[in-house]
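Single-structure report; data block below.
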Amino acid sequence: MNHKNKVAKVLSLSLCLAVSAAAATMAQAKTFKVAVGDAAGGTQHELGKKFNEVLQEKTGGKHDAKLFLNGQLGSEQDTVNDASIGTLDFSILAINNVTPFSPSVGVLTLPYMIQSLDDAITLTQGEVGQQLVENTLRDAGVRIIGWAYSGFRVLTNSKHAVTTPEDLSDVVVRVPKNAIMIDTYKAWGINPTPMAWSETFTALQQGVVDGQDNPYITVYAMKFDEVQNHVTNLRYLFSIEPLIVSEAVFQEQSPEDQQAILEAGQAATEHSAKWLVEQEARIKQELAEKGMQIADPANGEQEWIDLATSKVWPKYFDSIGGKDVLNNVLKTLGRDEI
Ligand code: MLT
């Protein structure tokens, strides 16, 4: 073979190798499926959009994430099961719907534990959060890689103004299938109705239940103002909504892609906190303009607080890992231990 032919052969071999390397890369390119429990315009949607944007950036466009809103991929609790067995890639859901699979995250849903966005950030992004990520991985086979912050869950209903626990006596309230939240309403004197999130709008519309609680942004995104007219500004539960990835799916990724997924989750988390601050007051105002009657709980919420903390906290010391775990959380938040 003369020199010219040799060069041509080397060039064509290099081209083949380059083409097959590119083909291999493309073969690994993936559009991840992300289940989202809420409608467009909520904090879950915002977290998911940011995650997708940063994931694309970090992987040079190789991977992206497609959001399936409105519980299209199943109820929030079902999506934890699906991610756990690897038939679903990601899910964004309320933390209360993770608790049945990993009870220690219940510390984030104990009534009146989290008292501000700062508390929520301190707990989720510090050592407590890291421990909860590990516990969830161990218990449920899913890895929390991001957190959306949605604000306090306010109570809405279609019957009348509610400012005291006594006012609840004739209101049928839907709650998630979450033992801590069920017990909180029991402490306030009623038996709530546990129901999947995906069934809630229809149940409110058809009068199967009269009320529910969720943050202002969620109430707005889900158009609950069309079927609810009273709001009570309860502050018993600051809603946190993790982005979880199936551990089976995560482990199939290259170390670089795993890193990109983690970084995209962190960027989306930071974005979520800013977004909540920018949006919540505006959305509350808009709901009032649409006719929702907004009331504060009577006497600075004290009766609600006393009943919930005295009756519910002691019942969950064991499931969250013991009273020491609770005291460590209180200490982390700069509050008195019990
Ligand atoms: C629920 O009430 O089940 C959830 O908090 C709803 C949500 O994910 O927004």
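Indexing begins at 1, ligand by ligand and atom by atom, following the structure's order.
- Under the salt bridge (charged side-chain N to carboxylate O under 4.0 Å, His left out) rule, Asp89 has a single partner from Lys33, Lys30, Arg143, which is Lys30.
- Looking at Asp210 and Asn157, their side chains never bring a donor and an acceptor atom within 3.5 Å of each other.
- Under the 4.0 Å criterion applied to side-chain N and carboxylate O atoms, Glu286 and Arg282 are assigned as salt-bridge partners.
- Of the protein's non-hydrogen atoms, Ala94 CB, 3.5 Å is the one closest to atom 4 (C) of ligand 1.
- In terms of protein heavy-atom proximity, atom 5 (O) of ligand 1 is nearest to Arg153 NH1, 2.7 Å.
- Between Phe152 and Phe238, the ring planes are perpendicular. Angles over 60° get that label, and only those under 30° would be called parallel.
- Closest protein heavy atom to atom 9 (O) of ligand 1: Asp38 OD1, 2.7 Å.
- Taking a cut-off of under 4.0 Å to the non-hydrogen atoms of Thr218, the atoms of ligand 1 that pass are 9 (O).
- Considering backbone and side-chain atoms alike, Asp213 places every N or O at 3.5 Å or more from each N or O of ligand 1.
- The closest approach between any non-hydrogen atom of Met222 and ligand 1 is not below 4.0 Å.
- Within the 4.0 Å heavy-atom criterion, neither part of Thr200 lies near ligand 1.
- Remark: ligand 1 and Asn97 share an N or O pair separated by less than 3.5 Å (distance only, no angle test).
- Between the CD1 atom in Ile305 and the OH atom in Tyr236 there is a gap of 13.5 Å [rounded to 0.5 Å].
- The proximity of Glu241 to ligand 1, defined as any non-hydrogen pair under 4.0 Å, is limited to the side chain.
- Between the side chains of Asp167 and Thr164, at least one donor-acceptor pair of N or O atoms lies under 3.5 Å.
- For atom 2 (O) of ligand 1, the candidate residues are Gln44, Glu76, Lys177, Arg174; the nearest heavy-atom contact is made by Arg174.
- Against a heavy-atom cut-off of under 4.0 Å, Pro176 is close to the following atoms of ligand 1: 1 (C), 2 (O), 3 (O).
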- [ ] Report the C-alpha distance between Leu204 and Arg174 in whole Å, list the side-chain angles of each, state the deciding distance to 0.1 Å, and finish with yes or no for side chain to side chain contact (heavy atoms under 4.5 Å, CB included).
- [x] CA-CA 9 Å; Leu204 291 167; Arg174 172 270 169 183; 5.6 Å; no
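- In terms of polar-atom proximity, Ser239 is not counted as a contact of ligand 1, lacking any N or O under 3.5 Å from an N or O of the ligand.
- Annotation: the span from Phe201 atom CZ to Met222 atom CE amounts to 8.0 Å, rounded to 0.5 Å.
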